[in-house]
Amino acid sequence: MNYVWPIITLVIGLLGGFFIGVYYLRRQMTKMQNDPDMLQKVAKQMGYNLNGKQMQRAQQMMKNGGNAPGRAPAANKGSRKK
């Protein structure tokens, strides 16, 4: 019994931390879609310098869930009809 409770609390803590992290990341991504300055800041931290056209394209990709305009969704990628 001395080993069960610490393991249970560890698992609960890890799961809770994971879900809190996912919630926080989604909230930040949503805020970033609406704030071009924040998107520019993140791009500069990653070593990219986006011009206006690239900024619009990046915002559009984030709104579409990562798919570029005019491209098929990622789930359909690689599937072929025979």
Side-chain angles (χ1 to χ4, degrees):
M1 204 60 161
N2 288 340
Y3 298 107
V4 175
W5 286 111
I7 292 172
I8 290 173
T9 56
L10 175 68
V11 169
I12 290 172
L14 289 173
L15 288 174
F18 173 76
F19 287 114
I20 290 170
V22 167
Y23 172 76
Y24 177 76
L25 183 62
R26 283 187 180 170
R27 226 176 85 217
Q28 290 298 100
M29 294 295 283
T30 305
K31 266 184 7 185
M32 197 182 316
Q33 285 178 6
N34 300 328
D35 188 10
D37 294 332
M38 184 181 270
L39 187 60
Q40 183 75 28
K41 181 181 174 187
V42 170
K44 281 190 178 190
Q45 287 176 346
M46 294 188 327
Y48 295 103
N49 191 11
L50 302 177
N51 61 27
K53 185 177 180 181
Q54 291 170 330
M55 180 68 71
Q56 288 176 350
R57 183 179 235 167
Q59 285 181 309
Q60 188 65 34
M61 282 178 59
M62 289 180 74
K63 286 180 184 175
N64 289 338
N67 296 322
R71 291 185 60 183
N76 294 339
K77 220 176 243 187
S79 62
R80 293 184 182 170
K81 293 182 181 178
K82 293 182 180 181

Which side-chain N or O atoms in residues 2-24 pair as donor and acceptor under 3.5 Å with protein atoms at least two apart or in another chain?
| from | atom 1 | to | atom 2 | distance (Å) |
| --- | --- | --- | --- | --- |
| Thr9 | OG1 | Trp5 | O | 3.0 |
| Thr9 | OG1 | Pro6 | O | 2.9 |

Identify each donor-acceptor pair in which a side-chain atom of residues 37-49 lies under 3.5 Å from a protein atom, sequence neighbours left out, and give them as a table.
| from | atom 1 | to | atom 2 | distance (Å) |
| --- | --- | --- | --- | --- |
| Gln40 | NE2 | Asn49 | OD1 | 3.3 |

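Listed by chain and number, the residues in a side chain to side chain contact (heavy atoms under 4.5 Å, CB included) with Gln56 amount to none (sequence neighbours excluded).
Closest of all the heavy-atom pairs between Leu50 and Gln54 is CA-OE1, 3.3 Å.
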